[in-house]
Amino acid sequence: MAAVFARLPVFPWDKLEPYKATAAAHPDGIVDLSVGTPVDPVPQLIRSALVAAADSPGYPTVWGTPALRDAITGWLRGRLGASAAGHRNVLPVVGSKELVAWLPTQLGLGPGDKVAYPRLAYPTYEVGARLCGAEAVVYDDPTELDPAGLKLLWLNSPSNPTGAVIPKDELVRIVAWAREHSVLVFSDECYLELGWDAEPVSVLHDDVCGGSYEGLVAVHSLSKRSNLAGYRAAFIAGDAGVLAELLEIRKHGGMMTPAPVQAATVAALGDDAHVAEQRARYAARRAALRAALEAHGFRVEHSEASLYLWVTRDEPCWDTVAHLADLGILVAPGDFYGEAGARHVRVAFTATDERVDAAVKRLA
């Protein structure tokens, strides 16, 4: 156990605890904008579907029910423009973080293999590489990587933490390069339905992949779009050969999405109204926080999508964290996501309307 633990970096969020204590001491309480966790209610139709499936005494299947696979493939075709998607192109997973962390291990990667991810990125991409003993490699442009030994290429659009979106023509270029060099692409698209100043596009869109999912897998989650972080409802979609082998591995590992959660996912993917309602909430919070941060002297960069504002005052990120903590506002330091973020902070707009209003007043 110690050998595995030794491969992992220090858990970054522990470093934020002193600043959290400072923010919590504010007379009006903390405004926690550090973690992008949903705070709004789970839509009633999803809760109803969960309750209706609560009497599920038997084991669920790893591949999911036919109804779940129908719901996922229907959503892929209708929302992502993946017209060729069928049941063999989908696989439910127990939350996307579990998938990201253990994917390199399940792919059989290890010492001598490389896993690449953006220079500013969700820390779990690196964790996944370290868990299996592979080499973690960062990039600015993936097509400038040395493809020798590169077995897994992570894309992330919209980006966590920056909210940047990879344009469609760039995705076409990256996919062509990866296929030329036989590099497997996993595209983390968990914020795809939260585009604000740009329209995110999936690698599975017909115009990007040419109707073929060879060498391509997209990762999607219902945590953000449907407030289902507590349900651990997610899925991957794409290359049927890759997914078939992952399915067999996950069967042996017992990685099953609970039956009630599968039923809830069917309901969530079949309804667009609650997604539009949640988008409207986030859009209002985003606009209020952006205006307040800019008036306070911050510069907002990228942030055209996702649930975050990527901001800077051109100072070390921990100085910014301390300044905002004194106002009772907790944010995430940019260096959590790589050294390139050392002068930025990530501000989530997932707090309640009341807490966002409090932050706006304090920034004024």
Step by step, would you call Trp63 with Leu91 a side-chain contact (heavy atoms from CB on, under 4.5 Å)? CA-CA 6 Å; Trp63 197 20; Leu91 179 61; 4.2 Å; yes
Could you walk me through whether Trp154 and Tyr122 pass ring-ring contact (aromatic ring centres under 6.0 Å, His included), step by step? CA-CA 10 Å; Trp154 279 108; Tyr122 182 47; 8.9 Å; no
CA sep, side-chain torsions, deciding dist, call: Leu152, Val183, side-chain contact (heavy atoms from CB on, under 4.5 Å): CA-CA 6 Å; Leu152 174 61; Val183 175; over 6 Å; no
Apply side-chain contact (heavy atoms from CB on, under 4.5 Å) to Leu103 and Ile236, showing your working. CA-CA 11 Å; Leu103 177 67; Ile236 55 178; 5.9 Å; no
Please step through side-chain contact (heavy atoms from CB on, under 4.5 Å) for the pair Leu120 and Trp310, ending with a clear verdict. CA-CA 11 Å; Leu120 278 168; Trp310 185 242; 3.9 Å; yes
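Checked by atom type, the side-chain pair Asp271/His274 shows a donor-acceptor distance below 3.5 Å. Side chains of Thr320 and Glu315: a donor on one and an acceptor on the other come within 3.5 Å. Checking Tyr337 against Asn160 by side-chain atom types alone, no donor-acceptor pair falls below 3.5 Å. When only modelled atom types and interatomic distance are considered, His87 and Asp70 share a side-chain donor-acceptor pair under 3.5 Å. In the model, Ser202 has a side-chain atom that pairs as donor or acceptor with a side-chain atom of Glu189 under 3.5 Å. Using a 3.5 Å distance cut-off with no hydrogens or angles, the side chains of Thr143 and Arg173 do pair a donor with an acceptor.
Both cation-pi conditions hold for Arg313 and Phe298: the charged atom is under 6.0 angstrom from the six-membered ring centre and inside a 45 degree cone around its axis. Relative to the six-membered ring of Trp196, Arg279 meets both conditions, a distance below 6.0 Å and an angle of at most 45° to the axis.
Formation of a donor-acceptor pair under 3.5 Å by the Glu214 side chain with backbone atoms of Asp239 is not found in this model. Here the side chain of Thr312 pairs no donor or acceptor atom with the backbone of His344 at under 3.5 angstrom. At least one donor-acceptor pair under 3.5 Å links the side chain of His296 to the backbone N or O of Leu363. Looking only at distances, no side-chain donor or acceptor of Arg232 sits under 3.5 Å from a matching main-chain atom of Val94. Judged by distance alone, with hydrogens and angles left aside, the side-chain atoms of Asn227 form a donor-acceptor pair with the main-chain N or O of Pro41 at under 3.5 Å. Ser159 contributes no side-chain N or O that, together with a main-chain N or O of Asn156, makes up a donor-acceptor pair within less than 3.5 Å. With hydrogens and angles ignored, the 3.5 Å screen pairs a side-chain donor or acceptor of Arg179 with a backbone N or O of Cys209. Remark: the backbone N or O of Leu68 is paired with a side-chain donor or acceptor of Thr65 at under 3.5 angstrom.
Between Glu98 and Arg250, at least one side-chain N (NZ, or NE/NH1/NH2) sits under 4.0 Å from a carboxylate O, which counts as a salt bridge. The pair Arg79-Glu193 meets the salt-bridge criterion, since a charged nitrogen lies less than 4.0 angstrom from a carboxylate oxygen. In this structure, Arg285 pairs ionically with Asp40, as a charged nitrogen and a carboxylate oxygen lie closer than 4.0 Å. Using a cut-off of 4.0 Å between Lys/Arg side-chain N and Asp/Glu carboxylate O, Glu301 and Arg299 are scored as salt-bridged.
Side-chain contact check for Arg286 versus Leu309: some heavy-atom pair is nearer than 4.5 Å. Put simply, the side chain of Phe235 does not reach to within 4.5 Å of the side chain of Leu99, judged on heavy atoms. For the pair Met256/Thr61, no side-chain contact is recorded, criterion being any heavy-atom separation below 4.5 Å from C-beta on. The shortest distance between side-chain heavy atoms of Leu216 and Phe186 does not fall below 4.5 Å. Within the 4.5 Å cutoff, the side chain of Ser48 has no heavy atoms near those of the Val51 side chain. Residues Val217 and Leu204 form no side-chain contact, since every pair of their non-hydrogen atoms from C-beta on lies 4.5 Å or further apart. Between His220 and Leu80, some side-chain heavy-atom pair lies under the 4.5 Å cut-off.
Taking both residues in full, the closest heavy atoms of Val261 and Ala233 are given as CG1-CB, 3.9 Å, listed atom of the first, atom of the second, then distance.
Here the options are Phe336, Phe349, Tyr191, the test is ring pair (Phe, Tyr, Trp, His ring centres under 6.0 Å), and the partner is Tyr308; only Tyr191 passes.
Remark: Asp357 engages no residue in a salt bridge (charged side-chain N to carboxylate O under 4.0 Å, His left out) (not counting sequence neighbours). For Arg69, there are no salt bridge (charged side-chain N to carboxylate O under 4.0 Å, His left out) partners two or more places apart in sequence or in a different chain. With sequence neighbours excluded, no residue forms a salt bridge (charged side-chain N to carboxylate O under 4.0 Å, His left out) with Arg346. Partners of Glu126 under the side chain to side chain contact (heavy atoms under 4.5 Å, CB included) rule, at least two apart in sequence or in another chain, are Tyr117, Arg130, Ala136. Thr352 is linked by a side chain to side chain contact (heavy atoms under 4.5 Å, CB included) to Val39, Glu354, Arg355, counting only residues two or more places apart in sequence or in another chain.
Linking Ile, Leu, Val, Met, Phe, Trp and Tyr residues whenever their side-chain heavy atoms come within less than 4.5 Å leaves Ile46 and Tyr282 in two separate clusters.
If you take CG on Leu269 and CG on Leu76, they are separated by 8.5 Å, rounding to the nearest 0.5 Å.
Atom CG of Asp146 is surrounded by more than 12 heavy atoms from other residues, nucleotides or ligands within 6.0 Å.
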Quiz: residues 108-116 side-chain donor-acceptor pairs under 3.5 angstrom, not counting sequence neighbours:
residue : atom : partner : partner atom : Å
Asp113  : OD1  : Lys151  : NZ           : 3.0
Asp113  : OD2  : Gly110  : N            : 3.0
Lys114  : NZ   : Ala148  : O            : 3.4

